[in-house]
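Everything below concerns the one structure shown next.
Every value quoted in this text rests on a predicted model; they were computed, and no experiment measured them.
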Amino acid sequence: MSNNDTIKKFVIEEFLPDLGVHELADDHDLLSDGVIDSLGVLKLIAWVEDHFQLAVGDADLDPDNFRSVRAIDAFIEDARQGVSS
């Protein structure tokens with residue numbers, strides 16, 4: 001089950017308050033585009049851990065896991081299934 005809408009809502013509330021949920025593409029590169037910086041990634045990781053009840057380990061800190069809504073969703077699904085990145 002996709003968490004895209006939940007993730008988009010968080011990203012928009014925290015980093016893009018002037019954008020609507022349907023205006024943010026699932027594959028929009030949040031890092032390269034400067035939407036989320038290094039501190040923002042830490043905030044995003046803390047939210048993922050809290051909201052989805054997941055532990056994000058050192059091996060999971062690959063920026064590609066948090067580059068887009070689609071990548072974050074895939075990371076969450078993999079973590080729930082016990083797949084390491």
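- Pro63 approaches Leu31 most closely through the heavy-atom pair O-CD1, 3.5 Å.
- Using a 4.5 Å cut-off between side-chain heavy atoms of Ile, Leu, Val, Met, Phe, Trp and Tyr, with links allowed through other members, Leu42 and Phe66 fall into different hydrophobic clusters.
- In this structure a side-chain-to-backbone donor-acceptor pair under 3.5 Å is missing from Asn3 to Thr6.
- A distance-only check finds a donor-acceptor pair linking the side chain of Asn65 to the backbone of Asp60 [under 3.5 Å].
- When all heavy atoms are compared, the tightest approach of Ile12 to Gly20 is CD1-O, 3.3 Å.
- Once rounded to the nearest 0.5 Å, the distance linking NZ of Lys9 with CG of Asn4 reads 15.0 Å.
- Of the charged side-chain nitrogens involved, at least one lies within less than 4.0 Å of a carboxylate oxygen, so that Asp64 and Arg67 count as a salt-bridged pair.
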Candidate pair Ser2 and Asp73, rule side chain to side chain contact (heavy atoms under 4.5 Å, CB included), full reasoning
CA-CA 7 Å; Ser2 174; Asp73 185 42; 3.5 Å; yes
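- We find the CD1-CD distance between Ile72 and Glu77 to be 13.0 Å, quoted to the nearest 0.5 Å.
- Residue pairs meeting the side chain to side chain donor-acceptor pair (under 3.5 Å) criterion with at least one partner in residues 39-58, sequence neighbours excluded, are Glu14-Lys43.
- Scanning all heavy atoms of the two residues, the minimum distance from Val41 to Ile36 falls at N-CG2, 3.3 Å.
- Look at Lys8 and Asp26 and you find a salt bridge, because one of the NZ, NE, NH1 or NH2 atoms lies within 4.0 Å of a carboxylate O, short of that distance.
- At least one side-chain heavy atom of Leu61 sits under 4.5 Å from a side-chain heavy atom of Ile45.
- In this structure, the separation between OG on Ser68 and CG on Leu24 is 9.0 Å, given to the nearest 0.5 Å.
- Residues Val69 and Leu30 approach most closely at N-CD1, 4.2 Å, considering heavy atoms.
- A 4.5 Å side-chain heavy-atom check between Asp62 and Phe75 finds every atom pair outside the cut-off.
- Every residue two or more places apart in sequence or in another chain was checked for a ring pair (Phe, Tyr, Trp, His ring centres under 6.0 Å) with Phe15, and none qualifies.
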